[in-house]
Amino acid sequence: MKEFFTLGGQVRAWMVRAGSDGEREEAALSEGIVAAGWTELVNDLTNVADREQLRSIVEATYPDYSPRVIGNWVGQLWRFRHEMSIGDLVVMPRRSRQLALGVITSEYVFRDGAEPGLQHIREVKWERTDLERSAVQQDLLDSMGSLLTVFELRRYDAARRVAALRDAGKDPGSGELGPESPTFASWAKLLEAATAAPADQPLTITNRKIMEAWGVARRGSAVVDQIEADLADKGLTARPPITTGSIDNTVTLLRTGAEPGPDQPLLTDEDVPDEKVEQAPLTYRINHLASATEGVVSVSSRDMLNKAITSMVYHDFSQLPVLDELGRLCGVVTWESIGRARMSGTALTLADVITPDPLNLLDQSELLPWVTQIQQRGYAFVHDSQHKITGIVTASDLSTQFGIRVQPFVLLEELEQRLRRLINQALDHCTLTLDQIRSKLLPHRRNRVQAADDLTLGEYPYVLEPQEHWEALDWNADQGLVVDSLTECGKFRNRLMHFSPDPLPESELAPVRGLLEVLRSLDPTA
């Protein structure tokens, strides 16, 4: 493979957009430049020494925008000013749906007398100005679909492929360096829809649908990092973060990367909080329970008692929160509090039956320390950082959730116990020997396995794969199906061990359940 180098190292490929009015595109091609835009930014950036200095300039120019948006713009302008190198490749999408390809031939230049939007430039030698998009394979083409004005094409061996497009007009593909992902089109389509959505009508979607688009079922740390990186590459961010709440929570994919103009709405700090780091979930929090974020049926402190009673009967509730006009918790009405008050024999109002100070937990709190109190009281209300009630967690919710989470571990434990019992029976009857088992293990594991109890779940497929081992066990079952199922169960166990706030879908339990039924049939007396 041909290598491409500049004085600064290996050539990189950049995408620089020309805005939507056509003037910047025409100027870029006629004058041999690419321009960064940001029409109100009239400061010369030549002597900007660091990002903090650049940020101060951008903040002064656009004081109303969220720090998150400002940070995104600073990153783009910094790349344009400092990271692009002479000899790097540049791609500019055209309004004709064609692509212009060229080579950067100058350092950053500020043109004081130029039209707004054409002051921050790099000189370019355009080598192709009418490349059809059909010449570019879909994975690379999808990676070009970002809201950002300036971004590096890093994925799928982009620099080599852009160089080939420039030289031969044909994309050679990613070869061995590119991913082979059957779900690529799915998440690419989601990002395409999000970037194409009108600025005032951003795409709203559940966390579950986002996970499905990336071909995963749970929000593990690596998965979250990948999705957030993919969103950032397109100039998008999820609000609230995809790590927040249950997997069925709804998020909005907001534009944070387009330069100021009709494609970039004014996003203030209230719209996009300045959260420096979006941490993937590391512990199980209260808002990971769906009921903690689903809202609550409530009554106002000004309502009549009969409204509270009617609502509790109608919804079959044991308790009902009483909220003030700001949605904050004043107290709770329960059948117990109503019964106790009625024992006085006097006429009652809602105020007479309110129990003050019910258990009220912050949605970001760790769940486990509160489990005992929730079980003892039967429920706990959940509030956000503004003390607004967002949901309720009951003892029943805990039982359901922990039942779902414990089930995979119980099934796997029985599966492994039955495998050990069956293998030990073969060892006891001398139809299978320990040396035969050890011969199929990795060298560092052989001396550590003294019995079937020492085998890991991932080692069983290798032990059962040889035909003589299978015949020694005398199992009246299909060898291929059992071995393949064991392999899937090993993968399932590895996924289970990676923390995620989301339960495993029932479909992933199918290999474990199926193989367990086979083992139960092979050893019905156990």
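Treat the numbers as computed from the prediction; the structure is a model and nothing was measured.
Under the 3.5 Å distance criterion, the side-chain polar atoms of His120 are matched with a main-chain donor or acceptor of Leu41. Looking only at distances, a side-chain donor or acceptor of Trp126 sits under 3.5 Å from a matching main-chain atom of Ala28.
Taking the charged nitrogens against the carboxylate oxygens, Lys491 and Glu488 do have a contact shorter than 4.0 Å, which makes a salt bridge. Ion pairing between Arg513 and Glu506 holds under the 4.0 Å rule for side-chain N and carboxylate O. In summary, Glu83 and Arg51 engage in a salt bridge, as defined by a charged side-chain N under 4.0 Å from a carboxylate O. Salt bridge status for Arg285 with Glu366: absent, with no side-chain N to carboxylate O gap under 4.0 Å. Looking at Asp233 and Arg154, a side-chain N of the basic residue comes within less than 4.0 Å of a carboxylate O on the acidic one, giving a salt bridge. In this structure, Lys234 does not pair ionically with Glu228, as no charged nitrogen and carboxylate oxygen lie closer than 4.0 Å. Between Glu115 and Arg24 there is no salt bridge, since no side-chain nitrogen of the basic residue lies less than 4.0 Å from a carboxylate oxygen of the acidic one.
For the atom pair CG of Leu141 and CG of Asp171, the computed distance is 9.0 Å after rounding to the nearest 0.5 Å. Ser143 OG to Arg161 CZ: the interatomic distance, rounded to the nearest 0.5 Å, is 7.5 Å. Taking CG from Leu89 and CZ from Arg160, the interatomic distance works out to 12.5 Å, rounded to the nearest 0.5 Å. Distance check, rounded to the nearest 0.5 Å: CD of Gln119 to CZ of Arg111 gives 9.0 Å.
Pro93 meets the side chain to side chain contact (heavy atoms under 4.5 Å, CB included) test with Met15, Arg17, Leu99, Arg133; sequence neighbours excluded.
Side-chain contact between Leu323 and Leu329 is present, with heavy atoms from C-beta onward closer than 4.5 Å. Side-chain contact check for Thr256 versus Leu236: every heavy-atom pair is 4.5 Å or farther apart. For the pair Asn287 and Thr390, the minimum side-chain heavy-atom distance is 4.5 Å or more. The side-chain heavy atoms of Pro202 and Leu253, taken from C-beta on, include no pair separated by under 4.5 Å. Looking at heavy atoms from C-beta onward, Leu412 lies in side-chain contact with Leu457 at the 4.5 angstrom threshold. For the pair Arg128 and Leu165, the minimum side-chain heavy-atom distance is 4.5 Å or more. You'll find the side chain of Thr487 stays beyond 4.5 Å of the side chain of Tyr460, heavy atoms only. Looking only at side-chain heavy atoms (C-beta outward), Leu367 and Leu398 come within less than 4.5 Å of each other.
The aromatic rings of Trp187 and Trp214 sit parallel to each other, their planes meeting at less than 30°, with 60° as the upper class boundary. Between Tyr62 and Trp73, the ring-plane angle classifies as perpendicular under the 30° and 60° cut-offs.
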Query - Test log, rule side chain to side chain donor-acceptor pair (under 3.5 Å), inputs Tyr108 and Glu123 - result: CA-CA 8 Å; Tyr108 165 83; Glu123 294 175 4; over 6 Å; no

Requested in this report: Take Trp14 and Phe80 through the ring pair (Phe, Tyr, Trp, His ring centres under 6.0 Å) test and state the conclusion after the steps.
Outcome: CA-CA 9 Å; Trp14 301 88; Phe80 191 86; 9.1 Å; no

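With 3.5 Å as the limit, one finds no donor-acceptor pair spanning the side chains of Thr61 and Glu40. A side-chain N or O of Thr394 and one of Asp397 form a donor-acceptor pair less than 3.5 Å apart. Asn249 and Thr293 form a side-chain donor-acceptor contact under 3.5 Å, judged by distance and modelled atom types alone.
Put simply, the residue from Glu132, Glu26, Glu25 that forms a salt bridge (charged side-chain N to carboxylate O under 4.0 Å, His left out) with Arg94 is Glu25.
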